[in-house]
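Chain letters run A, B, ... following the sequence lines, proteins first and then strands; every chain starts at 1.
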Amino acid sequence: MSFWLMKSEPDAFGIDDLKRRGTEPWSGVRNYQARNFMRDRMRPGERAFLYHSSCEAPGIYGVLEIAGTAYPDPTQFDRKSPYHDKAATREQPRWFLVDVKFVRKLERPILLSELRAREQELHGLMLLRKGSRLSIQPVSAEHWDQILALE
DNA sequence: GCCAACGTTGGC
DNA sequence: GCCAACGTTGGC
């Protein structure tokens, strides 16, 4: 059982959008490491933090659940999509996604600044590593519990 | 295979 | 808007 952190920009797709939609394909990931996590490691039923980046108060805003195993991201085949990839074919898709399901919105966001302030306990958390920009990150079970306890 | 140039991410 | 860090591309 693994835990995860998934980033989005709230202007594009935030926790309230997910709440409204219920389940949503996590499309548009174009980073191999993040893809590999979704394709090779994520299992249905696992949980992830929804982290909001590039906004006024970056932090964790909600919890979601991995709703299924990975499948090819359809936007890679769509010429009109900003995520179109002309090197991808249906026979050999390059990009994968999972569906994610809304679990809950946190009572209050757990801000990046708070996580930073607890760098000692959260030692090794990928989010706090300098220069770490990965949009999908594993979170250890221990860190998961520690972070939720801050709510 | 190296590496410079370029593009993107994301906090501040 | 700035800039550090990282990933990708493409010439050689």
Run the numbers on A:Ile110 and A:Leu115 for side-chain contact (heavy atoms from CB on, under 4.5 Å), then give the verdict. CA-CA 7 Å; A:Ile110 299 169; A:Leu115 298 175; 3.9 Å; yes
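- When rounded to the nearest whole Å, the span between CZ of A:Arg30 and C1' of C:dT9 equals 17 Å.
- The nearest whole Å value for the distance from the CG atom in A:Leu128 to the P atom in B:dC12 is 11 Å.
- Between C:dG7, C:dA5, B:dG10, one nucleotide has an atom nearer to the side chain of A:Ser54 than all others, and that is B:dG10.
- Counting non-hydrogen atoms under 4.0 angstrom, A:Arg129 reaches nothing in the nucleic acid.
- Exactly one residue among A:Met38, A:Met42, A:Arg41 makes a side chain to side chain contact (heavy atoms under 4.5 Å, CB included) with A:Ile66. That residue is A:Met42.
- In this structure, NZ of A:Lys86 is placed 9 Å from P of C:dT9, rounded to the nearest angstrom.
- With B:dG10, C:dG7, B:dG11 as the choices, the nucleotide that has an atom nearest any side-chain atom of A:Tyr51 turns out to be B:dG11.
- Among B:dT8, B:dG10, B:dC12, the nucleotide with an atom closest to any side-chain atom of A:Lys7 is B:dG10.
- Closest approach to the A:Lys130 side chain among C:dT8, B:dG11, C:dA5 is made by C:dA5 (side chain taken as heavy atoms from C-beta onward).
- Residues A:Arg20 and A:Asp17 are paired through a salt bridge, judged by an N-O separation under 4.0 Å between the basic side chain and the carboxylate.
- Aromatic ring centroids of A:Trp95 and A:Tyr32 lie under 6.0 Å apart.
- In this structure, of C:dT8, B:dT9, B:dC12, it is B:dC12 that holds the atom nearest to the side chain of A:Leu112.
- Below 30°, between 30° and 60°, or above 60°: for A:Phe49 and A:Trp144 the angle between ring planes is below 30°, a parallel geometry.
- The distance between atom CZ of A:Arg133 and atom C1' of C:dA4, rounded to the nearest whole Å, is 10 Å.
- Between the C1' atom of B:dT9 and the CD atom of A:Glu9 lies a distance of 8 Å, rounded to the nearest Å.
- The CZ-P distance, from A:Arg116 to B:dG11, rounds to 8 Å in whole Å.
- Atom-to-atom, CG of A:Leu134 to C1' of C:dC6 comes out at 11 Å; the value is rounded to the nearest Å.
- Remark: A:Arg94 is not in phosphate contact with C:dT8, judged by side-chain N or O atoms under 4.0 Å from OP1 or OP2.
- A:Ile60 has its CD1 atom 14 Å from the P atom of B:dG10, to the nearest Å.
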